[in-house]
Number of protein chains: 2
Amino acid sequence: MTENKKIITEEQKKLARYAKAMGHPIRMYVLNLLSSQSCCYSGDLTEILPVAKSTLSQHLKELKDAGLIQGETEAPRIKYCINKTNWQEAQYLFKKYLKI
Amino acid sequence: MTENKKIITEEQKKLARYAKAMGHPIRMYVLNLLSSQSCCYSGDLTEILPVAKSTLSQHLKELKDAGLIQGETEAPRIKYCINKTNWQEAQYLFKKYLKI
DNA sequence: GTCATTGTTCGTAAAATACCGAACAAATAT
DNA sequence: ATATTTGTTCGGTATTTTACGAACAATGAC
């Protein structure tokens with residue numbers, strides 16, 4: 001087949017990717033926190049959230065990989081913030097597809 | 001521990017549940033379709049989408065389990081529609097948490 | 001240097017997800 | 001009654017996700 005049936009759009013894939021990253025209570029909590037306040041340190045989260053620090057680290061990595069947050073070294077800690085560009089894109093896509 | 005630290009709210013859990021259901025391109029496609037037009041039959045989707053009908057059936061089941069769509073028997077076919085109540089809740093929650 | 005702090009990575013295990021084809025059920029049509 | 005249509009369920013497999021503790025790096029403090 002030379003022609004490529006693109007039934008599912010790139011936007012839908014992108015949105016699904018963001019949605020997937022948001023699809024866990026802990027990650028949702030972190031996103032909610034970071035979109036409310038400016039930033040936070042993962043140490044703070046470790047104390048509050050009911051998971052091992054290694055597990056939290058994995059969740060943060062997923063949010064990073066999805067592009068929703070970013071971490072900045074502030075030795076010996078790491079400061080996490082929202083990735084504004086991608087967050088705005090996610091906002092736009094959700095808005096568009098949820099018809100909000 | 002008698003006291004229960006509820007760090008993660010029920011709303012956040014609910015939103016994560018919806019987001020998880022949206023976290024796959026095929027499910028995103030179906031949701032987008034059903035929120036645009038009124039309804040569709042899964043047979044139509046089977047023809048369009050690049051997955052086996054059994055796989056599609058599973059995806060539809062997940063959307064159903066998450067409460068985002070509902071199926072109505074119209075023998076021998078099944079008509080799928082958006083679950084308006086929960087869809088509205090999802091819209092509300094995304095709007096609130098994404099600050100759209 | 002040594003110690004403490006912070007967070008990632010590693011190794012492992014259990015559960016969930018994604019996918020397929022085949023078998024099955026339910027209803028209509030012949 | 002038999003065949004056809006439609007979609008789910010079953011059995012199986014591969015991959016991904018979630019979770020933990022222990023080990024490891026990197027930095028700052030003493």
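In what follows, every heavy atom counts, from backbone to side chain, and hydrogens, waters and symmetry copies are set aside. Just so it is clear: chains get the letters A, B, ... in the order the sequence lines come, proteins before strands, and each one is counted from 1.
Salt-bridge check for A:Glu74 with A:Arg77: failed, with every basic side-chain N at 4.0 Å or more from each acidic carboxylate O.
Contact between the side-chain N/O atoms of B:Arg77 and the OP1/OP2 oxygens of C:dT28 is not found at any separation under 4.0 Å. The side chain of B:Ser57 contributes no N or O atom lying less than 4.0 Å from OP1 or OP2 of D:dG7. An OP1 or OP2 oxygen of D:dT6 is reached within less than 4.0 angstrom by no side-chain nitrogen or oxygen of B:Tyr80.
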Could you list all N or O pairs between the protein and nucleotides 19-25 of chain D that sit under 3.5 Å apart?
unit_1 : atom_1 : unit_2  : atom_2 : d
D:dA19 : OP2    : A:His24 : NE2    : 3.3
D:dA19 : OP2    : A:His59 : NE2    : 2.7
D:dA19 : N7     : A:Gln58 : NE2    : 3.3
D:dA19 : N6     : A:Gln58 : NE2    : 3.4
D:dC20 : OP2    : A:Ala52 : N      : 3.0
D:dC20 : OP2    : A:Thr55 : OG1    : 2.9
D:dC20 : N4     : A:Gln58 : NE2    : 3.4
D:dG21 : N7     : A:Ser54 : OG     : 3.2
D:dG21 : O6     : A:Ser54 : OG     : 3.2

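Atom CD of A:Glu47 and atom C1' of C:dG7 are 14 Å apart (whole Å). Atom CG in A:Leu56 sits about 13 Å away from atom C1' in D:dT18, given to the nearest Å. The CD-P distance, from B:Glu74 to D:dT8, rounds to 14 Å in whole Å. If you measure from atom CD of A:Glu62 to atom C1' of C:dT9, you get 15 Å, rounded to the nearest angstrom. For the pair A:Leu45 CG and C:dT6 P, the computed distance is 13 Å after rounding to whole Å. The CD-P distance, from A:Glu72 to C:dT6, rounds to 18 Å in whole Å. In this structure, the NZ atom of A:Lys61 is 11 Å from the P atom of D:dT17, given to the nearest Å. The distance from atom NZ of B:Lys20 to atom C1' of C:dT17 is 8 Å, rounded to the nearest whole Å.
Counting only distance, with no hydrogens or angles, the side chain of A:Gln88 and the backbone of A:Thr85 share no donor-acceptor pair below 3.5 Å. Judged by distance alone, with hydrogens and angles left aside, the side-chain atoms of B:Ser36 form a donor-acceptor pair with the main-chain N or O of B:Asn32 at under 3.5 Å. The main-chain N or O of B:Gln70 is never found under 3.5 Å from a side-chain atom of B:Asn83 such that the two would form a donor-acceptor pair.
A donor-acceptor contact closer than 3.5 angstrom is absent between the side chains of B:Glu72 and B:Tyr80.
With the nearest nucleotide of DNA chain D identified for both B:Lys64 and A:Thr73, B:Lys64 has the one nearer the 5' end.
For A:Tyr97, the side chain to side chain donor-acceptor pair (under 3.5 Å) partners two or more places apart in sequence, or in a different chain, are A:Glu11.
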Identify each donor-acceptor pair in which a side-chain atom of residues 56-66 of chain B lies under 3.5 Å from a protein atom, sequence neighbours left out, and give them as a table.
unit_1  : atom_1 : unit_2  : atom_2 : d
B:His59 : ND1    : B:Arg27 : NH1    : 3.0
B:Lys61 : NZ     : B:Asp65 : OD2    : 3.1

